[in-house]
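Input: a single structure, listed below in structure tokens.
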Amino acid sequence: MTDDTLVENVRAGYAFTGPALELGGLMLDAENLSDVHVKIPLGMLNRHGLVAGATGTGKTKTLQLMAEQLSTAGVPVFAADIKGDLSGLAVPGEENPKLQARTASVGQEWVGKGFPVEYFALGGEGTGINLRATMTGFGPVLLSKVLGLNQTQESSLGLVFHYADKAGLPLLDLKDLRAVVNHLVSDEGKADLKGLGGLSSATAGVILRELIAFSDQGADAFFGEPEFETKDLLRVAADGRGVISLVELPNLQDRPAVFSTFLMWLLADLFSELPEVGDVDKPTLVFFFDEAHLLFKDASKDFLSHITQTVRLIRSKGVGVFFVTQSPTDVPADVLAQLGSRVQHQLRAATPNDAKALKATVNTYPISDYEDLSKVILSLGIGEAIVTVMNERGAPTPVAWTRLRAPESLMGTADPTLMQATVQGSELFGKYAETLDRESAYEVLTAKVEAGAARAEAEAESKADPEKMSYPPADSKSKPKTTSTSSRSKKEDQTMVEQVLNSSATKEFFRTAAREISRSIFGTARRR
């Protein structure tokens, strides 16, 4: 195929009538560019997408470029800031000769700009507003993924959550969940699950051991109150630009499953909270799921099925999801099939497995005008990508070798002082800064155990002290009568019940029990 034919095919394929994100210019070869602009229709971004490529090929800059233009269009953005590079979105970029050469080559009129950014940190780790979930909100399915439980253990954990929901025991943090598990395998608690199949001591032991290991990883900081409300990701600044929410993920290598699964909780919560909007002119939110391979690694079939269903259905809520990872083969085929836009940076084929992944990547693209697409992908430079998107009719556009535009914000880490000032000045800071520790399952069950222990001690003292036995008068015709243990226990039980019913823990218990708990596809929940 001649260059002229390629240019005309791509020009026609990307001639959109509505607003679109400008990605870059069509390349004819490694040195020469055409005047054709490669774009993504704004209204198609909730058909999801993929940004893939080897380390150092420009994935983060592509994400930054898209986030800037989405914000300008009034669309809120959420992204995980793995290396801290995205924090510079709040700061105007700095011009230099290399930048000028790139912008001139793609016909970009570059102006340094900063964008409205909100910084978050999971459990307060890092610079940002505290981002937490309650155990009840997180749910058993996502927690099982984090803990590495098998199918049987996951089912048992689901039973524990079901019991806590029905019993009105708020699961706010890890100690609440451990308390409920311990209760259900105790002599007193076994009967509570008898009609539901029960919880074996062996399975309970596995769950408790994993929860302890999870806590040792610092997970206690992620769970508790106040729970983050995902509606706070859907904010627009006073000037009409969408707010870019960035969550810092420090020490990702130490607990990858925690971070990736927490991001999935945010997505699942959005799905359960947002109303249906159908097809919209622009997305309600675009969610960039960085290091996506961590989410899918060692995932069960049921878990993958839940992800597929969430991605498929969340489009109708106006949310677009972009998975960011090294290779398209990191994403399961059923999920990959849901992704309408593809930005493929350079892949490397240094090993047989790399070569196999490259071949699989090429096979996922529509028919290309390039004679050998695999050679093109291997020859891509930094900041270049193979692009195909969904056009305004919902059909795939021609595959286009693209030199990407440059972000207008700082391509690097923002000054920590500026970041801290942004956090302190946020309207959300006061809402999430202080950790709450209200009475929940742990306190309710602990009080119950302590009351039972006090009752047993009183009964033991009563049996050991004969003077506490009472007799009728000597001239009475009736036989000597003792105050029975059962009678005394009933009185003590009545007193204890009155105390428990009047306690603030029990009042909260019944308030919580009266609220409806609705669990979503992932078993995540909020109390209505």
Side-chain angles (χ1 to χ4, degrees), residues 21-27 29-30 33 38-40 45 48-69 79-86 102 106 249 252 256 260 263 286-297 320-333 335-336 339-366 368 370 372-389 396-397 399-407 411-412:
L21 305 189
E22 290 275 356
L23 290 182
L26 173 68
M27 300 187 70
D29 53 43
L33 280 85
V38 178
K39 301 175 285 186
I40 302 179
L45 284 167
H48 313 314
L50 175 75
V51 178
T55 300
T57 57
K59 297 191 299 297
T60 302
K61 299 300 179 287
T62 298
L63 195 160
Q64 185 173 351
L65 173 67
M66 294 176 67
E68 290 179 352
Q69 295 184 59
D81 193 6
I82 305 296
K83 300 180 289 294
D85 294 348
L86 291 175
R102 173 172 283 272
V106 296
L249 302 182
L252 175 69
S260 62
L263 297 184
V286 174
F287 192 107
F288 289 94
F289 208 124
D290 207 353
E291 299 294 337
H293 66 282
L294 298 176
L295 179 69
F296 303 114
K297 183 180 179 182
V321 182
F322 274 73
F323 292 101
V324 184
T325 188
Q326 293 196 6
S327 171
T329 56
D330 295 335
V331 181
V335 177
L336 196 62
L339 311 182
S341 299
R342 302 277 296 277
V343 181
Q344 177 65 62
H345 289 268
Q346 182 194 110
L347 288 177
R348 299 175 184 130
T351 69
N353 285 339
D354 291 341
K356 184 178 179 180
L358 175 63
K359 183 178 180 180
T361 297
V362 172
N363 290 337
T364 63
Y365 275 85
S368 168
Y370 297 97
D372 190 341
L373 187 58
S374 62
K375 288 185 178 179
V376 176
I377 293 175
L378 289 173
S379 65
L380 293 172
I382 297 173
E384 298 174 6
I386 293 296
V387 176
T388 180
V389 304
T397 58
V399 177
W401 182 355
T402 307
R403 175 174 291 174
L404 297 165
R405 293 160 67 97
M411 289 185 279

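Nothing here was measured: the structure is a model prediction, and the numbers come from that model. Keep in mind that the numbers below use all heavy atoms, side chains included, and drop hydrogens, waters and symmetry copies.
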ring-ring contact (aromatic ring centres under 6.0 Å, His included) partners of F296, counting only residues at least two apart: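 F296 satisfies ring-ring contact (aromatic ring centres under 6.0 Å, His included) with F323 only.
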Test of understanding: with side chain to side chain contact (heavy atoms under 4.5 Å, CB included), list the residues that count as partners of [X], not counting sequence neighbours.
X    : result
D372 : S374, K375
A52  : L50, P328, Q344
I382 : none
A54  : T57, R348

Between Q346 and L380, is there a donor-acceptor pair closer than 3.5 Å when you use the side chain of the first and the backbone of the second?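 Looks like yes, one N/O pair under 3.5 Å.
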Donor-acceptor contact below 3.5 Å, side chain N353 vs main chain A357: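 Such a contact is absent between N353 side chain and A357 backbone.
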Mind listing the side-chain donor-acceptor pairs of residues 399-407 below 3.5 Å, one per line with the distance, residues two or more places apart or on another chain?
residue, atom, partner, partner atom, Å
W401, NE1, E384, OE1, 3.3
T402, OG1, A400, O, 3.1
R403, NH1, S105, OG, 3.3

Taking side-chain hydrogen bond (donor to acceptor under 3.5 Å, both in side chains) as the test, write out the residues that go with [X], two or more places apart.
X    : result
Q69  : none
T364 : R342
H48  : none
D354 : T351

Exercise: identify the closest heavy-atom pair between [X] and [Y]:
X    : Y    : result
A349 : L358 : CB-CD2, 4.4 Å
T361 : S327 : OG1-OG, 4.3 Å
V286 : L45  : CG2-CB, 4.4 Å
T329 : A360 : CG2-CB, 3.7 Å
T388 : P366 : OG1-CG, 4.1 Å
D81  : L86  : OD1-N, 3.1 Å

Test item: V51 and H345 side chains (from C-beta on) under 4.5 Å apart, heavy atoms: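 Answer yes - side chains close enough.
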Please report the interatomic distance [atom1]([X]) to [atom2]([Y]), rounded to the nearest 0.5 Å.
X    : Y    : atom1 : atom2 : result
K59  : K61  : NZ    : NZ    : 10.5 Å
E291 : L263 : CD    : CG    : 10.5 Å
Y365 : L373 : OH    : CG    : 7.0 Å
T60  : D290 : OG1   : CG    : 6.0 Å
I40  : T397 : CD1   : OG1   : 8.5 Å
M27  : S379 : CE    : OG    : 8.5 Å

For K356 and K359, what are the C-alpha separation, side-chain angles and deciding distance, and is it a side-chain contact (heavy atoms from CB on, under 4.5 Å)? CA-CA 5 Å; K356 184 178 179 180; K359 183 178 180 180; 5.8 Å; no
